[in-house]
Amino acid sequence: MSDKSRIRRQSLARRARGFGSSLLVLQFALLTGCAAAQRAVPPTEALPATTLAALVDEYFERQLQQFPTMATAIGDARYNDRLEASASRQFWQQVATIEQTYLDRVEALDAERLPPAARVTRDIFVSERKLALEQLAFREYLMPVDQMGSLATTLAVYGSGSGPQPFRSTSDYDNFLRRAQALPGWVDDAIAAMRVGIAAGITVPRAAMAKVVPQLRQLANAEAESSIFWQPIKNMPDEVSTTDRARLTAQYRALIVDDLAPAYQRLADFIANEYLPNARTSVAWSELPNGQAWYRLRIRAATSTSLSADEIHAIGLAEVERIRAAMEAVRQQVGFKGDLAAFFAFLKNDPRFYFTDPQQLLTGYRATKARIDALLPKMFADFPQADYEVRLVEPFRAASAPGAFYQPPSADGKRPGVFYVNAFNLKAQPIFGMETLSLHEAAPGHHFQIAIQQELTDLPRFRRFNNYVAYAEGWALYCESIGKELGVFTDPYQYYGRLSDEMLRAMRLVVDTGLHAKGWSRDQAIRYMLDNSTLAESDVVAEVERYIVWPGQALGYKIGQLRISALRERAERALGERFDIKAFHSQLLRDGAVPLDVLEAKIERWIQRYP
């Protein structure tokens with residue numbers, strides 16, 4: 001069976017079975033064979049696709065070595081004892097050297113003599129390397145910590161026992177010990193980088209960075225038994241011998257008390273006492289050195305288009321007005337007496353729309369999962385072998401984490417994906433938003449797209465594990481838009497929840513560009529979002545501060561969804577009664593994440609050759 005060979009047409013009842021194959025380890029013979037393949041090819045011969053495949057896989061292997069936590073995240077355990085030194089200038093110089101080296105090597109190949117499928121891989125690889133080199137020139141490593149995360153908070157997720165880091169054997173425990181012992185060095189590098197950033201005028205805005213200190217203070221807990229890093233000791237498996245159990249317990253206690261707690265405390269103290277007083281009070285990325293060009297690059301990276309900030313802002317304003325009209329229609333349908341602003345207030349304040357206990361929220365989302373899973377065969381032919389589960393966000397990061405997010409499964413499907421739901425503020429988790437959020441973050445949204453992509457073992461690994469914001473988030477938002485067809489949103493309030501989430505993505509186009517290209521203040525952005533939605537104020541503040549530190553990223557959602565929806569309309573017009581929604585969805589998913597122009601060309605070819 002081809003079409004990337006590993007997608008299985010199967011019932012949902014069989015989805016939970018683990019994916020049998022694991023990541024292939026690139027052997028030395030392949031590396032040397034790749035080097036030998038650089039010899040000139042006579043012009044009369046076709047260039048073998050295997051030459052390109054070996055080269056890009058060699059690059060990916062270097063990436064796993066350079067970013068070992070990424071290797072752990074995809075289920076490759078070979079580097080589970082390492083931590084990247086990603087706060088140092090030397091680290092990023094090495095990254096730049098690797099990017100330039102592989103760009104040069106791939107461009108040395110004659111693209112005209114590659115088979116069509118390999119040409120797509122080559123073009124994507126070249127585009128990614130060029131974009132990476134452009135981004136590296138802006139020295140973003142001088143801002144290694146913000147409220148959305150850092151390697152310091154990532155390590156806490158890995159060390160909690162519920163993240164990607166395995167804790168099933170004695171060697172697993174020893175691996176994390178060695179990995180975690182590298183954190184103090186990373187903290188020292190991060191402090192040094194932030195001091196350079198202060199001098200260069202490259203800092204995270206003060207309003208956003210203030211949220212980091214409480215996160216780090218919580219992780220600086222020197223009481224070993226109450227530390228998040230103690231969880232694996234509490235849950236040590238029976239397979240660990242009595243001798244090793246005693247040794248590991250003592251070593252983890254020393255790790256927390258002597259290494260981790262002081263490192264987190266040192267980082268928190270530096271940010272509170274030195275960084276915050278010197279952090280910029282402006283929020284616009286354009287206020288950074290060469291910031292306007294930097295923001296334009298971030299827009300291009302997030303949307304994979306050449307749209308300007310002004311064009312995106314205008315699209316956003318039009319979408320906000322369209323969605324407000326649809327919300328007005330729901331208000332009339334449910335018979336609410338009052339205008340749209342009063343309807344927003346009713347939905348924010350009526351207790352029927354909110355849970356009062358985090359466990360109720362978790363149980364509700366798990367029930368939503370079961371209901372949606374049963375409907376998916378109606379519109380999909382392809383299902384990932386990896387399943388996903390629903391969990392609450394851990395307390396240490398809940399205050400500044402998004403309302404929900406998705407953690408991919410391991411590539412072999414043995415570790416399921418995770419749909420995280422944030423119960424920090426239950427008023428930010430309305431019951432009427434549950435179906436929409438599940439469609440987006442889990443199935444068929446991020447879970448289908450990412451898990452299926454990882455299972456496409458015929459693709460080069462750099463394509464199996466890459467991400468294009470406009471494609472990935474555009475797909476997830478498109479999945480919200482098909483809810484009625486799928487059979488959800490039968491309750492008008494749940495459909496309002498879909499409009500509410502779409503409004504969020506439309507407002508992002510306005511607010512992100514407003515903040516970074518049109519001189520909007522943080523308060524102005526917050527007020528705009530509160531005036532046009534039922535989002536809780538805590539959610540709005542977290543959203544705006546996310547856009548402040550991740551400029552451009554939030555633009556990919558709506559731009560991607562609009563392009564994908566337009567592709568569907570194009571296919572429906574061209575194919576008429578022959579149009580098959582399952583086949584269309586398969587075409588969207590079967591080559592993994594790609595730039596929007598590549599996706600558009602692919603769908604056009606599919607339409608032209610459709611039987």
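Note that the structure is a prediction, hence the values are computed from the model and not measured.
- The pair Arg266-Asp269 does not meet the salt-bridge criterion, since no charged nitrogen lies less than 4.0 angstrom from a carboxylate oxygen.
- Side-chain contact check for Leu177 versus Leu248: some heavy-atom pair is nearer than 4.5 Å.
- To the nearest 0.5 angstrom, Thr153 atom OG1 is 10.5 Å from Gln147 atom CD.
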Given Gln94 and Gln90, is the side chain to side chain donor-acceptor pair (under 3.5 Å) satisfied, shown in steps? CA-CA 6 Å; Gln94 185 179 7; Gln90 293 77 13; over 6 Å; no

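- Ring geometry for Phe465 against Phe60 counts as parallel: the plane angle stays under 30°, on a 0 to 90° scale with 60° as the upper cut.
- In terms of heavy atoms, Ala132 sits closest to Glu99 at CB-OE1, 3.7 Å.
- Annotation: Tyr388 is not in aromatic contact with Tyr406 [ring centroid separation under 6.0 Å not met].
- Checked against the 6.0 Å centroid threshold, Phe91 and Phe67 count as a close aromatic pair.
- Between Leu136 and Ala96, the shortest heavy-atom contact is CD1-CA, 3.7 Å.
- Applying the salt bridge (Lys or Arg N to Asp or Glu O under 4.0 Å) test to Arg298 and every residue at least two apart in sequence or in another chain returns Glu140.
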Can Ser171 and Ser169 be said to form a side chain to side chain donor-acceptor pair (under 3.5 Å), step by step? CA-CA 5 Å; Ser171 62; Ser169 66; 2.9 Å; yes

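- Side chains of Arg247 and Gln251: a donor on one and an acceptor on the other come within 3.5 Å.
- Ring geometry, Phe138 versus Trp294: the interplanar angle falls under 30°, so the pair is classed parallel (tilted spans 30 to 60°).
- Side-chain N/O atoms of Tyr468 and Glu128 include a donor and acceptor closer than 3.5 Å.
- Of the possible polar contacts, one joining the Ser286 side chain to the His516 backbone as a donor-acceptor pair under 3.5 Å is found.
- The OG1 atom of Thr69 sits 9.0 Å away from atom CG of Leu155, with the distance rounded to the nearest 0.5 Å.
- Here Arg415 does not pair with Asp387 in a salt bridge; the nearest charged N to carboxylate O distance is not below 4.0 Å.
- No donor-acceptor pair under 3.5 Å is formed between the side chain of Trp475 and the backbone N or O of His446.
- In this structure, Arg89 places its CZ atom where only 12 or fewer heavy-atom neighbours from other residues, nucleotides or ligands lie under 6.0 Å away.
- Residues Gly201 and Pro289 share a closest heavy-atom pair of O-CD, 3.6 Å.
- A salt bridge links Lys130 with Glu107: at least one charged nitrogen is closer than 4.0 Å to a carboxylate oxygen.
- Cation-pi geometry between Arg508 and Tyr557 is met: under 6.0 angstrom from the ring centre, within 45 degrees of the axis.
- Residues satisfying the salt bridge (Lys or Arg N to Asp or Glu O under 4.0 Å) criterion with Arg122, sequence neighbours excluded, are absent altogether.
- The closest donor-acceptor contact from the side chain of Asp259 to the backbone of Pro262 lies at 3.5 Å or more, if one exists at all.
- Within the 3.5 Å criterion, the main-chain N or O of Lys369 finds no donor-acceptor partner in the side chain of Ser438.
- Taking the six-membered ring for Trp and the full ring otherwise, Phe176 and Phe167 have centroids separated by under 6.0 Å.
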ring-ring contact (aromatic ring centres under 6.0 Å, His included) between Phe462 and Tyr59: does it pass, once the steps are laid out? CA-CA 8 Å; Phe462 92 92; Tyr59 166 84; 7.0 Å; no

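- Minimum heavy-atom separation, Val187 to Ala263: CG1-O, 3.7 Å.
- The existence of a salt bridge linking Glu545 and Lys211 is confirmed by a sub-4.0 Å separation between a basic side-chain nitrogen and an acidic carboxylate oxygen.
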Please determine whether salt bridge (Lys or Arg N to Asp or Glu O under 4.0 Å) holds for the pair Arg464 and Glu455, giving the CA-CA distance in whole Å, both sets of side-chain angles, and the decisive distance to 0.1 Å. CA-CA 8 Å; Arg464 287 174 63 197; Glu455 294 168 10; over 6 Å; no

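- The main-chain N or O of Arg82 is found under 3.5 Å from a side-chain atom of Arg179 such that the two form a donor-acceptor pair.
- From Asn80, atom CG reaches atom OH of Tyr158 across 9.0 Å, with rounding to the nearest 0.5 Å.
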Start with the C-alpha distance between Tyr252 and Ser227, add both sets of side-chain angles, then the distance that settles side-chain contact (heavy atoms from CB on, under 4.5 Å), and finish with yes or no. CA-CA 11 Å; Tyr252 270 66; Ser227 168; over 6 Å; no

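- Remark: Asn221 CG to Ile228 CD1 distance equals 10.5 Å, nearest 0.5 Å.
- Ala423 approaches Leu392 most closely through the heavy-atom pair CB-CD2, 4.0 Å.
- Here the CD1 atom belonging to Ile256 is positioned 11.0 Å from the CG atom belonging to Leu219, to the nearest 0.5 angstrom.
- A 6.0 Å sphere centred on CD of Glu225 holds more than 12 heavy atoms belonging to other residues, nucleotides or ligands.
- Gly552 and Ala302 get closest at one heavy-atom pair: O-CB, 3.0 Å.
- Residues Gln165 and Asp172 have side chains that never bring a donor and an acceptor to within less than 3.5 angstrom of each other.
- For Arg105 and Glu58, the salt-bridge test passes: some basic side-chain N is under 4.0 Å from an acidic carboxylate O.
- Salt bridge Arg461/Glu61: present, at least one basic N to carboxylate O contact under 4.0 Å.
- Between the side chains of Gln429 and Asn425, no donor-acceptor pair of N or O atoms lies under 3.5 Å.
- Arg129 places no side-chain N or O within 3.5 Å of a backbone atom of Val106 that could act as its donor or acceptor partner.
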